[in-house]
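Throughout, a chain's letter reflects where its sequence line sits, starting with A, and its residues are numbered from 1.
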Amino acid sequence: MNKNDSSPFSDDFGLPAAKHNSLSARARASVSVQGYLTDLNEEQRRAVETLDGPVLVLAGAGTGKTRVLTTRIAHVIASGKARPFEILSVTFTNKAAREMKERVAGLIGPVAEGMQWLGTFHAIGTKILRRHAELVGLRSDFTILGVDDQLRLMKQVIEAERIDEKRWPARQLASIIDSWKNRGLTPAQVPPGEAGIFAQGKGAKLYEAYQERLKTLNAADFGDLLLECLRLWRENPDVLAQYQERFRYILVDEYQDTNVAQYLWLRLLAQTRKNICCVGDDDQSIYGWRGAEVDNILRFEHDFPGATVVRLERNYRSTGYILSAASHLIAQNQSRLGKTLRTEEEDGEKVTLTGAWDSEEEARLIGEEIEVLQNRKHALSEIAVLVRVSAQMREIEDRLVTLGVPYRVIGGPRFYERAEIRDALAYLRCTNSFYDDLAFERIVNVPKRGLGDATIQMLHNYARSTGVPLMEAARQMIETDELRPKPRQSLRDLLTSFSRWAKMAETMPQSEVAQTVLEESGYTEMWQKERTADAAGRLENLKEFVRSMEEFPDMQSFLEHVSLVMEANEGEGEDRVSLMTLHAAKGLEFDTVFLPGWEEGLFPNQRALDESGRAGLEEERRLAHVGLTRAKRRAKIYFASNRRIHGLWNSTVPSRFIDELPEGSVEVLDAPAHYSHQSRFDNAPAFSSSYGTPGWQRAQAYNNKKSDNHQSYRSQNSSTGRGAPIIEGKVIARSDNSGDASFAIGERTFHMKFGPGTVAGVDGNKITVDFDKAGRKMVLESFLQKNA
DNA sequence: GCGGGATAGTTTTTT
DNA sequence: ACTATCCCGC
């Protein structure tokens, strides 16, 4: 990021912790910090130096927000105002937490190890809850449920209430409860009007039942890790006071992503000392759909009167054109606090815009462009393709595979969410505790042991009526003859195994126990028998799982790590192109960024528009802004005129966001592919082989169009497709009527994909056509042919 | 209890 | 078009 990333005072801070606590060390340190501060720009410096009282830092993309946070922590410690364990520092992701810890360590040395309250909201919430578990009806060794456990539990609750699970799916209940938890609402606090939105008025009741079940199972879901903290503090002011006392300084990263529960959590903690510093960017708020409240930022000054607000507007990441494109775009949003990013970098390359016929061509163009960069020795790790929805990834992946360009997909299922990991985990949980019903249920018939629904149902009934856990129910039932001989024997064997493994766990290191459990249970064998490509990957994951256990002192701490932190790090450090969604890209940066799929309906996403109206559109626009600002030197936007959505071909129209880019910062490129078709025309064999293919016909249609229509969005005079002139004043897909409308309503026309039709409406170069076969569509004028 | 055909649902995602 | 999940017949 900044040029001064290597700390000039890291030597001074690389002191052993004990020595650092001496006054002279502090004095020396603070002198060094002064030196360090001079390398910050004026605003950054103000954000770091204003230690006392509430501070809100509005940090635009690439303005050095992490740098401010870490320097601020160093500054608090160096100035002697608080010791590392008296600083609360929260992030959203484990990755951000890890990075912050590393960077703080880079500034102050090993003392950073003392920052035990640096972590995600959830990790810190867990830590607090374990200390006071009994006050919220849990034991300190409570389990943290994953989504699958949650869903299974939710199903049981729905069934217990005799509600038809078909009509009222558990998924839906889960998301409703989740949103209540995001808003900090306990079952009793759910507004009466909302309590009934599920299953004819049973919503709140089911929520309550679910919470009760969690307590019986000694379990918490992710929402509880925050919500139960709130309850703990509200019901036990003395406990709250303890933490208010302890956390002398509070720092919050990505504040725009906090939901109401997190906001309340922070507010309770910050109430007394008010030394809270929140860093965020309203223009990068892209998680509204999962409960993030941009309002938290907007109401900061109201909640903390007299707060210092610092705006970081100097961008150290991107070149001029990219920044002006991003700024111009985001300026269209109404609800924002308003910042203007500026850079002292050169203008650099313009943002490019390329139209493709369809998504396949789009993928091909991106692939070709990546190859060009690769040939120029551009590091692949500095290239990213950012898509709106993961469904877009497949075609791009296919293309990269064909070209042999190494790539990595970021995001996707987390390591600990994969079935094999959850299964292995369930085995260990059962070994660890005979009370873990959810875990037992998960693996009781994995691998198949002939213990199907009927048997499980009997166990459930028995367990419920006698009030014992499932495993205990099983133990008792195998002594009766209620079960048929086969399942009875299976169950007996399984229980015997679990007691054997539990005994083993008392003396053996946990990784060996795990290895034994997975083998003796037949779990590993199950995957070995399945000779598919992904079975091999799963076995590999299991190995990694067992291996990673060795680093933990005991089973308990390992289980915690897995449920909260564990993640896969495949192909990290290798030179690969990154492929991910725009959401996953936040916080990252690349020299070159490809942005495919800028089409109405896809981006901005129709569903976001339908569900959230203007707010939805603005969030989509922020997403576009995030995408553009990931680029350091090159941003390349693409759109396709035809895209398959849910299997059906749709004609699409370029995104309105394209219209919102400043013309001077954008260069409209021809799709070079059209010219490669043209060049095949010159050598006969290639030509004849491609004659009659859709691609060739497309090229023909395009060329015809181009020669008789001067309003074509493609530039007229480029011959190579590279370095095409900018079309000043004619950004494509204008929605005003300034161009000559070359089609009249009622006119017959022909479209390569949809066939013949009648023009039903004209809006600039977007034409609405009633196709004889395909129905009404809006298409770009340049893909229509006039019918004689 | 298991495997194969019907069926529904497909934005974004962390913890 | 693709997939994950469900349901039924064996």
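Straight-line distance from the NZ atom of Lys586(A) to the P atom of dT12(B): 17 Å, rounded to whole Å. Rounded to an integer number of Å, the gap from CH2 of Trp265(A) to C1' of dT15(B) is 13 Å. Protein atom CD of Gln172(A) is 16 Å distant from nucleotide atom P of dA8(B), rounded to whole Å. Separating the CG atom of Asp148(A) from the C1' atom of dT5(C) is a distance of 15 Å, rounded to the nearest angstrom.
Residue whose closest nucleotide on DNA chain B sits further toward the 5' end, between Ser390(A) and Gly223(A): Ser390(A).
A salt bridge between Lys155(A) and Glu159(A) is absent, with no side-chain N of the basic residue lying under 4.0 Å from a carboxylate O of the acidic one.
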Give me, pair by pair, the N or O atoms of the protein and of nucleotides 6-10 of chain C that are less than 3.5 Å apart, along with how far apart they are.
residue	atom	partner	partner atom	Å
dC7(C)	OP1	Lys166(A)	NZ	2.6

Which atoms of nucleotides 1-3 of chain B (N or O only) lie under 3.5 Å from a protein N or O atom, and what are those distances?
residue	atom	partner	partner atom	Å
dG1(B)	OP1	Gly452(A)	N	2.8
dG1(B)	OP2	Asp453(A)	N	3.1

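For Tyr207(A), the ring-ring contact (aromatic ring centres under 6.0 Å, His included) criterion is met by Trp180(A), not counting sequence neighbours. Remark: Tyr287(A) pairs with Trp289(A), His583(A) by the ring-ring contact (aromatic ring centres under 6.0 Å, His included) rule, at least two apart or across chains. Trp265(A) pairs by the ring-ring contact (aromatic ring centres under 6.0 Å, His included) definition with Phe121(A), Trp233(A), not counting sequence neighbours.
Aromatic ring pairs are classed by plane angle as parallel below 30°, tilted from 30° to 60° and perpendicular above 60°; the pair Tyr243(A) and His132(A) is perpendicular.
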Show every donor-acceptor pair shorter than 3.5 Å between a side-chain atom in residues 137-144 of chain A and any protein atom, with sequence neighbours excluded, or say none if there are none.
residue	atom	partner	partner atom	Å
Arg139(A)	NH1	Asp141(A)	OD1	3.4
Asp141(A)	OD1	Asn218(A)	ND2	3.1
Thr143(A)	OG1	Asn218(A)	O	3.4

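Comparing dT5(C) with dT12(B), their C1' atoms sit 23 Å apart, to the nearest whole Å.
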